[in-house]
Amino acid sequence: MLGLPSTTEVERALPKEAFYRNLKMTAALRRDFVDGVERIVLANSVKPSSCYLADGRRVHEVLVVRLEPKGAEAPRSVVRAVMDANPNRLVVVDAGAGRAFLYEAGRMIVSDDLQSLVLHGENLDDAWDSMLAQAAFGETDGTDVLTRIDRREKARALAAEVAALDVKARKERQISRRNDLFAQLKKKQAELAELRKESQ
């Protein structure tokens, strides 16, 4: 799956009941598992014994789990529960929506168009950072990937703030208040420009 080496393929169905037994589950989450997911499949296991990479200091195995939904896409609550249930690094693929989810250090990275993953680097730490970069940016360079992801998220939030301030300033009728809003807008635009410049 995802173009990973055939030596990493497992293709083993995981019983949904195992999640019911081992997770503290609300009635709504249980219903999402039952009504939203047809099958959960462990598709790949990337570890030193299944590929050419050395063991990492942080990462010892990366699992690729495929969710086969009953409808158009798997419920996000199920994706989160599957990720929370496993101590290894996971790539969860929603086979219905064609979406991939990776989770690292409190950040959920979602890719709508991840067709393949390249095992890039000398060890599993490097490979995992590269996978995060492939999902987030469509590139294999995993250098400072979490910093770059944080910067991108901050830029998105700042861009939304700039757009809202612009609308608010243009609608304001009181001249002194409008001037204040335009001053705030200029400041936020400068911050956004600086952030985008750092990202390049």
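Remember, it's a predicted structure, so these values are computed and weren't measured experimentally.
Taking each heavy atom of Tyr52 and Gly121 in turn, the nearest pair found is CE1-O, 4.5 Å.
We find the CG-CG distance between Leu124 and Leu119 to be 8.5 Å, quoted to the nearest 0.5 Å. Rounded to the nearest 0.5 Å, atoms CG (Leu132) and CD1 (Ile109) are 4.5 Å apart. Between Trp128 atom CH2 and Leu90 atom CG the span is 7.0 Å, to the nearest 0.5 Å. One distance of note links OG of Ser111 with CD of Gln134; it measures 9.5 Å at 0.5 Å rounding.
Pairs passing the side chain to side chain donor-acceptor pair (under 3.5 Å) check and including a residue from residues 170-182, sequence neighbours excluded, read Asp166-Arg170. For residues 85-97, every residue pair satisfying the salt bridge (charged side-chain N to carboxylate O under 4.0 Å, His left out) rule, not counting sequence neighbours, is listed here: Arg89-Glu104. Applying the salt bridge (charged side-chain N to carboxylate O under 4.0 Å, His left out) test to residues at least two apart or on different chains, the pairs with a partner in residues 28-46 are Arg39-Glu68. Residue pairs that meet the salt bridge (charged side-chain N to carboxylate O under 4.0 Å, His left out) test with at least one member in residues 113-142, sequence neighbours left out, are Arg58-Asp129, Glu139-Arg148. Residues in residues 5-14 take part in these side chain to side chain donor-acceptor pair (under 3.5 Å) pairs, two or more places apart or across chains: Thr8-Asn44, Glu11-Arg66.
No more than 12 heavy atoms of other residues, nucleotides or ligands shown are found within 6.0 angstrom of NZ on Lys47. Shown here is Lys154, whose NZ atom has no more than 12 heavy atoms of other residues, nucleotides or ligands within 6.0 Å.
Between the side chain of Tyr103 and the backbone N or O of Val91, no donor-acceptor pair lies under 3.5 Å.
Phe33 is not connected to Val41 by any chain of hydrophobic side-chain contacts under 4.5 Å among Ile, Leu, Val, Met, Phe, Trp and Tyr, and they are in different clusters.
Side-chain contact between Val79 and Leu67 is present, with at least one heavy-atom pair separated by less than 4.5 Å. The side-chain heavy atoms of Asp55 and Asn123, taken from C-beta on, include no pair separated by under 4.5 Å. A heavy-atom distance below 4.5 Å is found between the side chains of Val37 and Pro75.
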For residues 183-192, run the donor-acceptor check on the side chains, cut-off 3.5 Å, and write out each pair with its distance to 0.1 Å, sequence neighbours left out.
unit_1, atom_1, unit_2, atom_2, d
Lys188, NZ, Glu161, OE2, 3.2

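Under a cutoff of 6.0 Å and an axis angle of 45°, Arg80 and Phe101 do not form a cation-pi pair.
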Report task. Evaluate the side-chain contact (heavy atoms from CB on, under 4.5 Å) criterion for residues Phe137 and Ile149: first the C-alpha distance (whole Å), next the side-chain angles of each, then the deciding distance (0.1 Å), finally the verdict. Result -> CA-CA 9 Å; Phe137 305 109; Ile149 289 169; 3.8 Å; yes
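For the 3.5 Å distance criterion, the side chains of Glu61 and Ser45 qualify, holding a donor opposite an acceptor.
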